[in-house]
Number of protein chains: 2
Amino acid sequence: MARIKPTDTTSRREIINAEAALLIRQKGFKAASMRDLATRVGVEAASLYNHIASKSELLHGICFSVAHRFMLKIEEVENKKITVLQKIEMLLRYHINEMVHHYEEVYVSDREWRHLTEPYLSDYKELRRRYRRKFAALIEQGTKQKEIKAIDAPTAVLIVLHAIGGIESWHRSKRKISTKELENNMITILIEGMANKTINKN
Amino acid sequence: MARIKPTDTTSRREIINAEAALLIRQKGFKAASMRDLATRVGVEAASLYNHIASKSELLHGICFSVAHRFMLKIEEVENKKITVLQKIEMLLRYHINEMVHHYEEVYVSDREWRHLTEPYLSDYKELRRRYRRKFAALIEQGTKQKEIKAIDAPTAVLIVLHAIGGIESWHRSKRKISTKELENNMITILIEGMANKTINKN
DNA sequence: CCTACCGATCGGTAGG
DNA sequence: CCTACCGATCGGTAGG
């Protein structure tokens, strides 16, 4: 039943990880059973434990790899010498691309992280808080420099980050516009929603 | 353990419904156990079945009552004699208020509906599709009348509806701005993100 | 990587 | 509304 065959470049562990992300996205963490996963990978349930330590380790792996990628990106963007709106646009495009190209993992880390167990749960929440604080700091800076309207920065972060979660529905719809169109539509609404019209021409 | 005591106006069934919404929101549908619920209501697990038929009936009740309220609202708004942007603003404010005042139910219907069983699952998805189609039709109409920018309507619906889901995080944060401020920040970003600047003064 | 099997927990029923 | 209990399923282990 394995949809992905192991090769020199794809280890069994990587296959398990990929199938786990897909399964957890489809059913939710609690409803995703190890027996289900084993069938998809093409082995007996007990055999999975030669490659992984536990079910929660799978969730944990997905959540932290995604969280770390986003953290690296925002730290890279922070240091660039461009306007705040350009930084935010860059982050939005990154988010959209992550959602499009690593859909299962990003979705799972976004919606299933609460099933993490301690101490990982606290670590993950802390990572998430730090990311949001950085994002809010960018928006606040933009407001101070009159690039962005006088809006509450943490609220703006919530709106923007959740708005991107909407790609989930796009991803599974049949009537798809292209990725580029999707990206541009999102940028148009969100960036122009935040931009200060008295400064930005057009 | 019952947090709510039954009175003349609050039946036991209503208490069960309210505690179920809270529990399912906190743990997710699969992880929410009937034994957990029973303890919160203050009875033995078996006793719950004198008031409800099954666990899935609880989810089903929550999802459909929320979905029907939203459907009624959009049908009311559609017929008003106001501009399209005003209609959309009205819907956004309704969404925000629902999220603020019926947080548990709205959250559950939004994130846990996939655990509905057939035929309810299909019915719910159909309701959701109809709602989105109506919303998209409004946006398209706005675009045609030059009130709204030339954006892809279904994409705009996704963005807007998911953005509102962000209130979830607001709802549980300590550092709360007021409901009115929250509402106005959201409206500012989203409505102005969609509005066509060449037409709308300000 | 498999067979065999464990203890725990689940939703739900019988019967009073 | 309770006691007692069911069959199913779960994550995980032993032992090879």
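To find a chain, count down the sequence lines: A is the first, B the second, and so on, and within it residues start at 1.
Annotation: side chain of B:M186 is not in contact with side chain of B:R93 (no heavy-atom distance under 4.5 Å).
Straight-line distance from the CG atom of B:L48 to the P atom of C:dT13: 12 Å, rounded to whole Å. As a whole-Å value, the separation of A:E44 CD from D:dA14 P is 19 Å. Atom-to-atom, CG of B:L23 to C1' of C:dC10 comes out at 14 Å; the value is rounded to the nearest Å. Atom-to-atom, CE of B:M34 to P of D:dC1 comes out at 14 Å; the value is rounded to the nearest Å. Taking atom NZ of A:K55 as the reference point, atom P of D:dT13 lies 15 Å away to the nearest angstrom. Note: NZ (A:K30) to P (C:dG11) measures 11 Å, nearest angstrom. Atom pair A:L37:CG and D:dG12:C1' shows a separation of 14 Å (rounding to whole Å applied). Between A:N50 atom CG and D:dT13 atom C1' there is a gap of 11 Å when expressed in whole angstrom units.
Of the candidates D:dG12, D:dC2, C:dT3, D:dG12 carries the atom nearest the A:S54 side chain, counting heavy atoms from C-beta on. Proximity note for B:H51 (side chain, C-beta onward) versus C:dG11, D:dC1, C:dC1: the nearest is D:dC1. When each of C:dC1, C:dA4, D:dC2 is scored by its nearest atom to the side-chain atoms of A:A46, the top-ranked nucleotide is C:dA4. Comparing D:dC1, D:dC10, C:dT13 by their closest approach to the side chain of B:S47 singles out D:dC1.
In terms of phosphate contacts, B:R35 brings no side-chain nitrogen or oxygen within less than 4.0 Å of OP1 or OP2 of C:dG12.
Seen from the ring of B:F29, B:K55 counts as a face-on cation partner, given the 6.0 Å and 45° thresholds.
B:D110 places no side-chain N or O within donor-acceptor distance of the main-chain N or O of B:V106, the cut-off being under 3.5 Å. Between the side chain of B:S47 and the backbone N or O of B:V43, no donor-acceptor pair lies under 3.5 Å.
Crowding of A:Y120 atom OH: a count of heavy atoms from other residues, nucleotides or ligands under 6.0 Å not exceeding 12.
Within 4.0 Å (heavy atoms only), B:A32 reaches sugar-phosphate atoms of the nucleic acid but no base atom.
Pair assignment for D:dG16 gives C:dC1, based on Watson-Crick or G-U wobble hydrogen-bonding distances that are each under 3.5 Å.
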